[in-house]
Every structure is written in structure tokens, then in C-alpha cells.
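Computed over heavy atoms, backbone and side chain alike; hydrogens, waters and symmetry mates excluded. This structure is a prediction, so every number in the text was calculated from the model and none was measured.
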Amino acid sequence: MADEQSGIVSGGPESPGHPVGAWLERLARGVALAGGLLLVGVTGMTLVSVLGRYLFNAPVPGDYELTELACGIAVFAFFPYCHSRNANIVVEFFTGRMHPRRRAVLDAAHQLVFAAVAGLIAWRLCIGGMHKLADGETTVFLGIPIHWAYFSALLGALLLAAICGLAFFRRLKTREP
């Protein structure tokens, strides 16, 4: 059965109303909100650090380390939600005038390639995190274990790969005129 507005065939996990697809999208939204809260916290900490530095000569110790780790994690927190909303920047210079069927095939191929790239990034984050864990590497000033950032980013990369895979199957099911 096809959804009249989206043209997506319902029934499988790739359909918007299916519990797995809906769950992935809710999870992506929750992770993005957590990433946003993380950035709000970093912004507050930066404000306190700057004011402390200039007013009292007492910045927040390790503020650069905390900002670096938090921003890296937040970027990976935003990717899945952005992709699930189809909010990535797309340049349609060459594809704008393509036949809708050909564009749908190209979009499906894009989703598959993006899923593979996200999977590759997730794999490398896992390997890197395991190395940082084994080495016991920490930040210089605060001694925060680096592997925490790798594994936090890994969760976002895995979710992005799942969202891309879901989008690939949705594109396959899309009925274009």
C-alpha cells in the first residue's frame, strides 16, 4: 500500500509509519537534542571561562579540552537527525533537470554510498577508540580519557549509518511519476 503524499510503500521497516523507522527517527531526534544541550553547556562554560579570565584572572581549567571534546561529539550527534530530515546541503546543478526516475535512482545510490561512508567512519571510530582505551590516553590538563569521545561519536556514526540505510530502502520504495 502506498502513502499518497510521500509515495512510499508502507509495511516494511523502511516505511515512515513502521515502528523501526519511527524509532530510529525518534532516537536521531533525541541524540540531536542531547548534542544541542551539550553545545549549550559548552557555550555557558565558555562564557564563564572568558569572564573569569578577564575579570578575575581565573578561567575554567581545561576549557579548551572540554570544548574540543564536546564539539566533536555534538557534530556526530547532529548528523543522523539532519539526514533523517533530508536537511543536508544538496547542489542540484546537474540533477535539477533530470527525469524524476533517474534522480530517484541517483538518490538511492547516494543513500547507499553515504551509508557505506558512515559505516566506514563508525568502524574507524571504533578502532581509534579501542586504541585510545588500550593506550590509556587522556587530555593534558584534566586527564579525561580520550576514548570516551571516540565511543560517544561512534554512537552517532552508527545511527547515521542506520538512518542512511533506512533512507536507501525508502528511496527504493519511492514511486516516482
Side-chain angles (χ1 to χ4, degrees), residues 16 19-96 107 110-168 170:
V20 172
W23 180 81
L24 276 175
E25 290 179 1
R26 281 193 310 274
L27 181 60
R29 183 177 183 184
V31 169
L33 287 171
L37 289 174
L38 185 62
L39 285 184
V40 167
V42 166
T43 303
M45 185 229 20
T46 302
L47 175 67
V48 168
S49 184
V50 168
L51 289 176
R53 179 176 291 118
Y54 289 110
L55 297 178
F56 308 110
N57 199 25
V60 172
D63 57 349
Y64 290 103
E65 293 176 348
L66 292 171
T67 300
E68 181 180 26
L69 294 172
C71 287
I73 293 167
V75 165
F76 280 96
F78 296 141
F79 273 143
Y81 182 70
C82 180
H83 197 71
S84 74
R85 292 289 173 213
N86 203 23
N88 292 325
I89 295 173
V90 176
V91 179
E92 296 181 345
F93 184 75
F94 295 109
T95 62
D107 286 345
H110 165 257
Q111 298 299 336
L112 185 61
V113 169
F114 201 5
V117 168
L120 178 66
I121 290 170
W123 170 59
R124 293 312 304 169
L125 282 169
C126 183
I127 298 296
M130 295 300 285
H131 286 175
K132 299 298 180 189
L133 178 62
D135 293 344
E137 187 175 337
T138 62
T139 60
V140 175
F141 295 112
L142 298 178
I144 299 170
I146 300 290
H147 69 271
W148 290 359
Y150 275 78
F151 293 135
S152 297
L154 171 63
L155 295 175
L158 288 172
L159 183 56
L160 176 60
I163 292 287
C164 290
L166 178 70
F168 170 70
R170 283 183 176 172

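By the 4.5 Å heavy-atom criterion applied to side chains, L66 and V42 are not counted as neighbours. In this structure the side chain of F76 reaches within 4.5 angstrom of the side chain of L125, judged on heavy atoms. Counting heavy atoms from C-beta on, the side chains of L159 and L24 come closer than 4.5 Å. You'll find the side chain of L39 reaches within 4.5 Å of the side chain of C71, heavy atoms only.
With rounding to the nearest 0.5 Å, the separation of NE2 in H131 from CZ in R124 is 7.5 Å. Separating the CZ atom in F78 from the CG atom in L33 is a distance of 9.0 Å, to the nearest 0.5 Å. Distance check, rounded to the nearest 0.5 Å: CG of L155 to CD1 of I73 gives 10.0 Å. If you take CZ on F79 and OG on S84, they are separated by 13.5 Å, rounding to the nearest 0.5 Å.
For the pair Y81 and A32, the tightest heavy-atom approach, listed with the atom from each and the gap, is CB-CB, 3.6 Å. Across G35 and A74, no two heavy atoms sit closer than the pair O-CB, 3.9 Å. Residues P80 and L160 come closest through the heavy atom pair CG-N, 3.7 Å. Scanning both residues, G119 and A161, for their nearest heavy atoms gives N-CB, 4.0 Å.
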For this session: Using the side-chain contact (heavy atoms from CB on, under 4.5 Å) rule, take T67 and M45 through it: C-alpha gap first, then chi angles, then the decisive distance, then the call.
Result: CA-CA 9 Å; T67 300; M45 185 229 20; 3.4 Å; yes
For this session: Could you walk me through whether N88 and C82 pass side-chain contact (heavy atoms from CB on, under 4.5 Å), step by step?
Result: CA-CA 6 Å; N88 292 325; C82 180; 3.1 Å; yes
For this session: Please step through side-chain contact (heavy atoms from CB on, under 4.5 Å) for the pair L158 and L154, ending with a clear verdict.
Result: CA-CA 6 Å; L158 288 172; L154 171 63; 4.0 Å; yes
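A 6.0 Å sphere centred on CZ of R29 holds no more than 12 heavy atoms belonging to other residues, nucleotides or ligands. Atom CZ of F151 is surrounded by more than 12 heavy atoms from other residues, nucleotides or ligands within 6.0 Å.
Separation of the F114 and H110 ring centroids falls under the 6.0 Å cut-off.
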For residues 137-149, which side-chain donor-acceptor pairs fall under 3.5 Å, sequence neighbours excluded?
residue : atom : partner : partner atom : Å
E137    : OE1  : K132    : NZ           : 2.8
T139    : OG1  : E65     : OE1          : 3.0
T139    : OG1  : G143    : N            : 3.1
T139    : OG1  : I144    : N            : 2.9

